Amino acid sequence: MKLLFYLLDTSYEVRDNRPVILIWGLTDSGDPVLILDDTFRPYFYVLPEDKVDLTTLATRVKTLSRPPSPITKVEMVERRYYGKPVKVLRVETVIPEFVREYREKIRKIEGVRDVLEADIRFAMRYIIDRSAIPCTWYEAEVEEVEEERRYRARVYRLLSGLKQAKRDLPPDLKVVAFDIEVYNPAGSPRPKHDPVIIIAAYDGREVKQFLAEESGKGIRDAGAIRSFVSYVKELDPDIIVGYNSNGFDWPYLLERAKINNVRLDVGRVKGAEPRSSAYGHISVPGRLNVDLYDFAQEIGEVKIKSLEEVADYLGVMKKDERVLIPWYRLYEYWDNEEKRRTLLRYSRDDVIATYGLSEKFLPFAIQLSALTGLPLDQVGAASVGYRLEWYLMREAFRFGELVPNRAERRAESYKGAIVLEPKKGVHENIAVLDFSSMYPNLMIKYNIGPDTFVEGECEEDECYVIPEVGYKFRKEPPGFFKNVLTTLLRLRKQVKSEMKKYPPDSPMYRLLNERQKALKVLANATYGYMGWSGARWYFRQGAEAVTALGRATIRMAIEIAKSLGLEVIYGDTDSLFVKYDKDRVEEFIRRVGEELELEIKIDKVYRRVFFTEAKKRYVGLLEDGRVDIVGFEAVRGDWTEIAKEVQEEVAKIVLSKGEVSEAINYVRKVIADLRAGKIDITKLVIWKTLTRPISQYTAEPPHVAAAKRLIKAGYKVEVGDKIGYVVVKGAGRISDRAVPYIMADPKDVDVEYYVKHQIIPAALRILRYFGVSEKALEGVGKARKTLLDFFGKR
DNA sequence: GCGGCGCTACTACCT
DNA sequence: ACAGGTAGTAGCGCCGCG
């Protein structure tokens, strides 16, 4: 029979010493299916040294064959390695786990230059080789397998190859959000001691909450966990979403389940529990476990990535429409009968917000998955570099190009982009021009990549010579990166024009929009990937060539602008800020296109824009009255809320109204409020990320000192955590007075520190250029200030 | 013992 | 766990100072 299905994920099992690929999917009516394919075998390549006889090598390889996973095939095949045709051995065995062993033995054989593609996980190998791409539709000839009772899905055996089906929109994916609350009376919850008190789940229709039971012996969570397991089995979701569920909920639940002797049997393979897998994600057999925190991480505008902040920012659940409880006080709400109702509301809001986030993030994740081939549950957990790498590996397979091994190497830094010295002050009517995808287009134009690099002599008409660095790249044939980037940019263009056929609120339009975003992300990551020492296709000279070309390009663009009499105010990497003289700007765009053969476009026009002497910092007033703040304290996550608020307001007053005195009065008022204790302590918290384990700091900056205080009080801090602290009164270093805000008494806050080190510097950063001094903001002193206010009011 | 100075450490931003 | 360029604060060691 023919089966049409949407592919969710692949995995494999070894049965009777043979691997069977499990293809998890959904029919168009949304029923789970499992398609078994036992025809696929693990393999890898042996790359010989020059002039080594392949037949002899093949014989030697074969002698290594051992049960239970013999070497079943050694073939001589033609592939390409860094673009050059090579003859290699394709070595096939039976059990995927034995690949590593063979790889190590074969590596030691004389005449073997390298063993390639022996480190690609079997399920991913299948995805690439059979083009079994997650989040896309397939049609296949299958037969039903009746005797399979181990799975919570209808089981088929694959009889044909997979045929891509012409469908785009996913079927009805059953999504469930879950979230646990934990009893934490002694700081951070410890799974060995602290039970789970609530497990909440929401499927888009109904919230379920499974509560721990209290008896004389304490809180018991076994029942709640059991009920949750039954609930998941009954609901049978395709996607399970959580917020930091890979980092917290799953590991915690697994540990509690173990302690309670409960099997966390929530997958589609009966009896199988979730387990740690690639990129630190947790894999739930047969379902897609997606941690939305991974995607939240990519929203730069939100500095504190808590569920409530992210949900608020995305409009999923506004902070003022929900119950909030400080995480370190959750246990109090459990202990108190009245407060427990609030706790239940809180847990309910959390799980509904989590579900809401899935609606925001999954459409993009699905497109990224369909492009990279990484299953949906891994694509979020994988970093940008790995996402691109999987895409490259798919493309390499298509081109018959061998995938280089990952190598341990030291990063070599190199020169980057140009940043122009800004012309400080206020400028009127400024156009910001951007090169479209500058680095990808330079890579295409100059055919840059590891396989097109020429080390020796090269005829001038056959090679591009890169300015400054002098590297040479063959003009023909197009290299791997050029091919990949051309495809990415072409697809993106196609998708964007396809979008025009649909109304903006239609499902297809939205799908295509997410797809073009995913294509853009991959294209833009390619240059950085090439300069990443962890990349399989690492190529420092290539990255160096790209930045050199970028510098040359922007210099030439500046020359063109100047020759047209266009004043350049500022520029960074691929952008130029110029006086917006419409005719000249149009001519500029035309000439850049013609002379540099690159597209430059107007990104925005500022009615007014303000620069200090600092690079990478400006404030711009847009035509519609909105104000862009770039680089300044107001957009940084490590300045207090109050300082950021003041700076933003000052910027707006000065730029939109041109009223310096109004700005001064405003700052004075805030300082007075602060001194009067009218500012909430939450606006005085300084947040800084712990970027390494505490022991690895050579100095003791305030956030590290605060983190040490947290640890002392029983809290766990981990790398990547944001430490929030306030500065309290007293003597000595700031570090000596940096107290975690959850432990601080508002009475102890050193208000003068905040005046001197937060509000005044943030305000002055802008006001200084309008002739305002520190004294004008604060120097008048407290007493006279009050008098001034008094007179002011009369 | 302490303020000033210059350097280093550290973080978060921009493109 | 994609790159380099940049601004800015605080820590820290050193110097001078009867």
Side-chain angles (χ1 to χ4, degrees), chain A residues 278-280 294 297-298 300-301 303 381-389 391-392 406 408 411-422 432 434-435 437-440 521-540 542-548 550-551 554 570-577 603 612-618 628-640 643-644 686-692 696-705 719-720 722-723 727 731-738 753 756-758 761-762 764-765:
Chain A
Y279 312 113
D294 293 327
Q297 220 58 51
E298 293 169 28
E301 294 90 330
K303 310 297 171 181
S383 68
V384 174
Y386 288 115
R387 290 175 187 171
L388 175 64
E389 192 154 81
Y391 181 77
L392 293 175
R406 203 175 289 294
E408 291 270 336
E412 303 160 274
S413 69
Y414 56 90
K415 204 165 152 191
I418 291 181
V419 187
L420 304 185
E421 212 68 61
V432 182
D434 273 354
F435 280 97
S437 304
M438 182 198 245
Y439 285 177
V521 164
L522 293 183
N524 286 345
T526 311
Y527 147 73
Y529 172 85
M530 197 165 54
W532 171 40
S533 63
R536 288 175 185 272
W537 277 278
Y538 172 61
F539 185 50
R540 194 210 73 231
E544 223 180 328
V546 173
T547 54
R551 294 191 296 271
I554 197 146
Y570 177 65
D572 183 349
T573 313
D574 61 351
S575 70
L576 285 177
F577 290 52
D603 178 41
T612 68
E613 56 270 272
K615 298 171 172 181
K616 299 192 183 277
R617 294 185 151 208
Y618 53 89
D628 270 347
I629 304 186
V630 179
F632 282 111
E633 286 77 1
V635 297
R636 293 180 62 99
D638 58 351
W639 279 71
T640 57
K644 299 202 289 178
I686 298 166
W687 294 94
K688 272 197 161 69
T689 310
L690 217 54
T691 61
R692 63 196 81 168
Q696 283 184 27
Y697 281 91
T698 55
E700 190 179 52
H703 70 296
V704 172
V719 173
K722 282 230 191 304
I723 309 294
V727 177
R733 308 173 304 164
I734 308 300
S735 292
D736 297 324
R737 303 190 277 128
Y753 168 83
K756 239 179 115 88
H757 292 93
Q758 290 279 331
L764 229 41
R765 190 88 58 216

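From a predicted model like this one, the values you see are computed outputs, not experimental measurements. The sequence lines fix the lettering, A, B, ..., with proteins before strands; numbering per chain opens at 1.
Taking atom CD on A:Gln696 and atom P on B:dA9, their separation rounds to 14 Å, with Å as the unit. As a whole-Å value, the separation of A:Phe577 CZ from B:dT15 P is 6 Å. Straight-line distance from the CZ atom of A:Arg692 to the P atom of B:dA9: 10 Å, rounded to whole Å. In this structure, the CG atom of A:Asp628 is 15 Å from the C1' atom of B:dT15, given to the nearest Å. Taking atom CG of A:Leu420 as the reference point, atom P of B:dT15 lies 12 Å away to the nearest angstrom. Rounded to whole Å, the distance from CG on A:Asp603 to P on B:dC14 is 14 Å. Taking atom CG of A:Asp434 as the reference point, atom C1' of B:dT15 lies 9 Å away to the nearest angstrom. Taking atom NZ of A:Lys615 as the reference point, atom P of B:dT15 lies 13 Å away to the nearest angstrom.
Among the protein residues, A:Ser413 comes within range of the sugar-phosphate backbone only, with heavy atoms under 4.0 Å from sugar or phosphate atoms but none that close to a base. Using a 4.0 Å heavy-atom cutoff across all strands shown, A:Tyr439 reaches no nucleic acid atom at all. At a threshold of 4.0 angstrom between heavy atoms, the contacts of A:Val630 are confined to the sugar-phosphate backbone, with no base atom among them. Among the heavy atoms of the strands lying under 4.0 Å from A:Arg765 are primed sugar atoms or P, OP1, OP2 only; no base atom is included. A:Trp639 comes within contact range of the sugar-phosphate backbone alone, with a heavy-atom separation under 4.0 Å but no base atom that close. Using a 4.0 Å heavy-atom cutoff across all strands shown, A:Arg733 reaches sugar-phosphate atoms only and no base atom. Residue contacts shown for A:Gly385 are limited to sugar-phosphate atoms, with no base heavy atom under 4.0 Å away. Residue contacts for A:Phe632: at a heavy-atom cut-off of 4.0 Å it reaches no nucleic acid atom on any strand shown. Backbone-only contact: A:Ser735 has heavy atoms under 4.0 Å from sugar-phosphate atoms and none from a base.
Remark on DNA chain C: of its neighbouring residues A:Ala417 and A:Thr526, the 5'-side contact belongs to A:Thr526, judged by nearest-heavy-atom nucleotide.
Looking at A:Ile686 and A:His703, their side chains never come closer than 4.5 Å, going by heavy atoms from C-beta outward. Residues A:Val384 and A:Tyr529 form no side-chain contact, since every pair of their non-hydrogen atoms from C-beta on lies 4.5 Å or further apart. Taking the side chain as every heavy atom from C-beta outward, A:Trp687 and A:Lys303 never approach each other to under 4.5 Å. In this structure the side chain of A:Asp574 never reaches within 4.5 angstrom of the side chain of A:Ile554, judged on heavy atoms. A:Tyr439 places none of its side-chain heavy atoms less than 4.5 Å from the side chain of A:Asn524.
With respect to A:Lys616 and A:Asp572, a salt bridge is recorded, a charged nitrogen being found less than 4.0 Å from a carboxylate O.
Inspection of the A:Thr640 and A:Gln758 side chains reveals an N or O donor paired with an N or O acceptor under 3.5 Å.
In this structure, the nucleotide among B:dA12, B:dA9, B:dC13 sitting nearest to the side chain of A:Val635 is B:dC13.
Between A:Thr573 and B:dC14, a side-chain N or O to OP1/OP2 separation shorter than 4.0 Å is absent. Regarding contacts with the backbone of B:dA12, a side-chain N or O of A:Thr689 is found under 4.0 angstrom from either OP1 or OP2.
Boundaries of the chain A contact region on DNA chain C are C:dA1 to C:dC12, first to last in 5' to 3' order (nucleotide atom under 4.0 Å from a heavy atom).
Taking the six-membered ring for Trp and thresholds of 30 and 60 degrees, A:Tyr279 and A:Tyr386 have ring planes inclined between 30 and 60 degrees apart.
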Please output the side-chain donor-acceptor pairs of residues 413-422 of chain A that fall under 3.5 Å, not counting sequence neighbours, one pair per line with the distance.
from     : atom 1 : to       : atom 2 : distance (Å)
A:Tyr414 : OH     : A:Tyr527 : OH     : 2.9
A:Lys415 : NZ     : A:Glu468 : OE1    : 3.2

>> Assess the residue pair A:Val432 and A:Tyr570 against the criterion (side-chain contact (heavy atoms from CB on, under 4.5 Å)); give the C-alpha distance rounded to whole Å, side-chain angles, the decisive distance to 0.1 Å, and a yes or no.
In response: CA-CA 9 Å; A:Val432 182; A:Tyr570 177 65; over 6 Å; no
Can you check nucleotides 6-8 of chain B for protein contacts, nitrogen or oxygen pairs under 3.5 Å, and list what you find?
none

